Amino acid sequence: MQARWWATTSSLVMMLAVPARAQEAPAADAATPAADTSGTAPADAFAADAFAADAFADVVVTARRREESLQAVPVAVTAFTPAALTQKAITDRTSLADNTPSLFTINGGYPREFAFFALRGQGPAFGSTPGVINYFAEVPNATSIDGRVGTYYDLANVQVVSGPQGTLFGKNATGGNILFEPAKPRNAFEGYLRAEYGNYNDARLEGALNVAVVPDKVLLRVAGEVGRRDGYTRDVGPNFAGKDYDNLAYQSVRVGLTIRPFDGVENYTVARYYNSDNNGGGTVLGAVNPASTALIGAFYPTIGSQLSAQQARGPRQVSYDLNQASKTDYWQVVNQTAIDLSDTAKLRNIVSYAQFRSKYTYDYDATPLPLAGQASRAIPVLAPNTFTEELQLQGTAADKAINYSLGGYLDRQTWSGPAGIEEFTLFPVGTLIPPVPFFQELTSHSEAVFGQATVDLGLLAPALSGLSVTGGLRYTWEHSFTSTTLIAPPATTGTFDDQYLSYTATIDYDVTDGVHVYVTSRDAYKSGGVNGPVPAGSAFRTFPAEKLSDIEAGLKAQFDLGSMKGRFNLAAYRGNYDNIQRTTAEEVGGVVLNVTRSAAKGRVQGVEVNAALMPVTGLTLNGSYSYIDARYTRVADASAGAILNGAPFPYTPRHKYSLGAAYEAPLGRAGDLVVNANYVRQTSVSTAQTNQAFYRELPGYGLLNANVGLNNVGGRPLSITAFGTNLTDVARPVGVIDLYAGGAGVVGLTYTEPRMYGVRVGYRFGQ
């Protein structure tokens, strides 16, 4: 059955490679040795307020660490220009996931901005590394900073690269990478301002200024965004009556400087700072365990009425016992140096340093009772300092028939202590005994060497025109250290070391102009580690690395159907998943602890589609779709079977799609009318790691967003746009914290944002 599924899907890809009259998509130079975009314009960044994103413009991506056309790169990539981000109302992690096939954002159990990504079913387990790695300016970032509100201004693009990434990028990722590329300084004087005001007192201001300090030699770009918005979830008391949650209060700034002291030498530095200070998320009580109410009721008699009271209030009103807050400070400096060694070889060095500090107080139980929560007021919960260094040699050989990349990578994460939770509550802790402190230290380092080459066989043998092969290897060494102090010293410490070899092998073929097919096989690992509070000698002390090996077949076609333009990209994949890491509650030394363990093997397979059609001039229809079929194929042992048998596979909505339309028409001196509408929907999905969870599935939901505006108002570089998100005011759970079987006996839910609407005004100046 499994072999039949793969054979059928692969055949479909090859059959679809026969196009109607193909249209050539101008590709980036395949011989370009480096992802050097310092002189390129931030596509539509200035006019993105009311601009209909051109679905058929050639998009340059860096999915293989060099510039290539989206339609030619043999990797499943969903790319968003600044105009597309605005058109689809992408402003945070959830909206990015809504508009990307197979991408899912995990909410619940922490402040809303701390959501994590999962891609093709690959996400985090408690205490493990992410399955999806975010990158900013080509530097991997394991902290949850990129993708949140305050990320999406002044970008060149956002690229979601699907599937195992284990050879060319800095960190192994079993699910894929999300690349946030900032707009780099240009050789021009230009800039833009954009202001927004909407309901809930939503007020945001962003802008950028680009200056050629010394033309062609010293280029400077400064950009920033500030946002404030009232919360849409309100506390009814008795403890914090009138306080709002899910509010926004952030500021972000970036400074980019490009220096070209000599011909063939370029140094680009980007520094950024992000700060947020808000009231945390509005978690809503969703269930109460009747078995827990008898014991809890002896101390808190109102426990039995909490659920009915919450249901009567609805999901936008809550009652908490903890004074919630969430604060983040983050800064990073990235330096990229490129030196042309010859006409065919370039040396690149990418070095970075970052500091992340986060404090938050969070009411896990979502009631006015002290059942579950944490407070971190004086010290940060998380306090990593991260240093990365990557050296690349990129170039071409054999008259550009071979395009290669060689290099090495290392990172070092240190910890600024003390860090942790000052007061942790989980009934009966906090009732029979005072809240307890929990301190931690997490340090790690990794090193890797890699090499990858693409051979254009058509340049070596004309009979093989259009055919290319790619091969890559990467060897990685990893070391991690954890130290956990619960209540008082001594700390429980532990180390974990691992090493592994990753590979990529690809065949791709230009069937004709504008039509490209490929088949790729690759693998990647997600690091193992130590369960901090588990003592040495326990079977749950450490957990090994996950491994995902997959095969993907893809078709990328851009074509004409009579007078209509079309684009159709399809990827079908099947992955074998080993040493799956799952979070379970295990008894260790008489105490029940959350641990990460290697629990099973599995299989993940699916299909992803991105398509667009222009039936008449000015009207563009676009859409995306993904299907995921994921299941466990084998459990590690009897105890793993007991917690996984019957459990859903997490982070895998079976069906997910988006449908959009954009219309643009000139209105003379009044300007250019632009109308956009976009509907996204996903089916139900589980975030439950095992069958120990009570809340098994989040329901499916659909959201409608739209905007209408004028661009180039009065012939000036001015745009005015009216926008609306979640126009039907859907209220559905999108995240869960499940404490039903624990001491608190409750389930907390995170809901979709309500209907938002407002006006944006944008102005651009300069070239």
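The residues of the chain are indexed from 1 along the displayed sequence. All of these numbers come straight from a predicted model, not from anything done at the bench.
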Heavy-atom donor-acceptor pair, Asp146 side chain to Asn134 backbone, under 3.5 Å:
no
What's the shortest heavy-atom distance between Pro140 and Ile133, and which atoms?
CB-CG2, 3.8 Å
Is the closest side-chain heavy-atom distance between Phe117 and Leu96 below 4.5 Å?
yes
Please report the shortest heavy-atom distance between Ala524 and Asn172, naming the atom on each side.
CA-OD1, 3.5 Å
Find the distance between OG1 (Thr94) and CG (Leu103) and round it off to the nearest 0.5 Å.
10.0 Å
Do Tyr362 and Ser376 have side-chain N/O donor and acceptor atoms under 3.5 Å apart?
no
Dump the intermediate steps for side-chain contact (heavy atoms from CB on, under 4.5 Å) on Val534 and Thr492, then the final yes or no.
CA-CA 7 Å; Val534 176; Thr492 301; over 6 Å; no
Main-chain N/O of Val746 paired to Asp365 side chain as donor or acceptor, under 3.5 Å
no
Is there a donor in the side chain of Thr233 and an acceptor in the side chain of Asp246, or the other way round, less than 3.5 Å apart?
yes
Check: Arg313/Ser319 side-chain N/O donor and acceptor closer than 3.5 Å:
no
Check: Tyr651/Gln689 side-chain N/O donor and acceptor closer than 3.5 Å
yes
Please lay out, stage by stage, how Tyr503 and Ser521 fare under the test side-chain hydrogen bond (donor to acceptor under 3.5 Å, both in side chains).
CA-CA 8 Å; Tyr503 75 90; Ser521 176; 3.2 Å; yes
Is there a side-chain contact between Asn141 and Phe356 in this structure, where contact means two heavy atoms from C-beta onward sitting under 4.5 Å apart?
no
Between the side chain of Lys526 and the main-chain N/O of Leu548, is any donor-acceptor distance below 3.5 Å?
no
Between Gln682 (side chain) and Arg654 (backbone), is there a donor-acceptor pair under 3.5 Å?
no
Would Thr367 and Gln306 count as having a side-chain donor-acceptor pair, cut-off 3.5 Å?
no
Quick check: Tyr627 with Tyr625 (ring centres under 6.0 Å apart)?
no
Could you tell me the separation between the CD1 atom of Ile737 and the CG atom of Asn107, rounded to the nearest 0.5 Å?
12.0 Å
Please check: side-chain N/O of Asn691 versus main-chain N/O of Ala642, any donor-acceptor pairing under 3.5 Å?
yes
List the steps, then state whether side-chain contact (heavy atoms from CB on, under 4.5 Å) holds for Lys171 with Ser446.
CA-CA 9 Å; Lys171 302 288 285 186; Ser446 66; 3.6 Å; yes
Examine Phe424 together with Phe438 and report whether their ring centres are nearer than 6.0 Å.
no
Distance only, no hydrogens: is a donor on one side chain within 3.5 Å (strictly under) of an acceptor on the other, for Tyr300 and Thr431?
yes
May I ask you to decide if the ring planes of Tyr245 and Tyr320 are parallel, tilted or perpendicular, using 30° and 60° as cut-offs?
tilted
Below 30° counts as parallel, above 60° as perpendicular, anything between as tilted: where do the rings of Phe427 and Phe299 land?
perpendicular
Exercise: identify the closest heavy-atom pair between Ser102 and Ser626
N-OG, 3.0 Å
Donor-acceptor contact present, side-chain Asp363 to main-chain Asp321, <3.5 Å:
yes
After noting the C-alpha distance and the side-chain angles of Val158 and Thr151, does the key distance pass the side-chain contact (heavy atoms from CB on, under 4.5 Å) rule?
CA-CA 10 Å; Val158 177; Thr151 297; over 6 Å; no
Would a distance-only check, ignoring hydrogens and angles, find a side-chain to backbone donor-acceptor pair under 3.5 Å from Ser305 to Thr302?
yes
Could you walk me through whether Arg148 and Asp92 pass the salt bridge (Lys or Arg N to Asp or Glu O under 4.0 Å) test, one step at a time?
CA-CA 5 Å; Arg148 62 172 64 187; Asp92 61 8; over 6 Å; no
Value for CG (Asp498) from CD (Glu478), rounded to nearest 0.5 Å, stands at 7.0 Å
Closer than 3.5 angstrom, by distance alone: can the side chain of Gln581 be matched with the main-chain N or O of Pro544 as a donor-acceptor pair?
yes
So which atom in Gln310 and which in Leu285 form the shortest heavy-atom distance, rounded to 0.1 Å?
CG-O, 3.4 Å
Contact check, side chains of Arg522 and Gln165, non-hydrogen atoms, under 4.5 Å
yes
So do the side chains of Arg234 and Arg316 get within less than 4.5 Å of each other, counting heavy atoms only?
no
Min side-chain heavy-atom separation Val607-Leu570 under 4.5 Å:
yes
Could you label the plane-to-plane angle of the Tyr135 and Phe169 rings as parallel, tilted or perpendicular, counting under 30° as parallel and over 60° as perpendicular?
perpendicular
If you compare all heavy atoms of Glu697 against all heavy atoms of Ser684, which two are closest, and at what distance to 0.1 Å?
OE1-OG, 3.4 Å
Quick check for you: to the nearest 0.5 Å, what is the distance between Thr652 atom OG1 and Leu119 atom CG?
12.0 Å
Is it true that Thr78 and Thr100 share a donor-acceptor pair across their side chains at a distance under 3.5 Å?
no
Distance only, no hydrogens: is a donor on one side chain within 3.5 Å (strictly under) of an acceptor on the other, for Ser624 and Ser658?
yes
So that I can tick it off, tell me whether Asp550 and Arg574 are bridged by a salt bridge, with the cut-off set at under 4.0 angstrom between side-chain N and carboxylate O.
no
Verdict with reasoning, Thr725 to Leu703, per side-chain contact (heavy atoms from CB on, under 4.5 Å):
CA-CA 8 Å; Thr725 61; Leu703 299 176; over 6 Å; no
In this structure, CZ of Arg93 is separated from CD1 of Ile178 (nearest 0.5 Å) by 9.0 Å
Do Gln122 and Tyr577 have a side chain donor and acceptor closer than 3.5 Å?
yes
Between Thr361 and Asn323, is there a side-chain heavy-atom distance shorter than 4.5 Å?
no
For Phe694, is there any backbone N or O sitting under 3.5 Å from a side-chain donor or acceptor partner on Asp738?
yes
Candidate pair Asp98 and Ser95, rule side-chain hydrogen bond (donor to acceptor under 3.5 Å, both in side chains), full reasoning
CA-CA 5 Å; Asp98 284 340; Ser95 53; over 6 Å; no
Within-4.5 Å side-chain heavy-atom neighbours: Phe104 and Pro650:
no
Do Pro164 and Asp523 touch side chain to side chain, with heavy atoms closer than 4.5 Å?
no
Rounded to the nearest 0.5 angstrom, the OG1-CG distance for Thr174 and Asp578 is 12.0 Å
Give a yes/no verdict on a cation-pi contact between Arg582 and Phe649, requiring under 6.0 Å between NZ or CZ and the six-membered ring centre and an angle within 45° of the axis.
yes
Do side-chain atoms of Ser480 reach the backbone of Gly529 as a donor and acceptor pair under 3.5 angstrom?
no
Residues Pro699 and Arg732: closest non-hydrogen pair is CG-CD, 4.4 Å
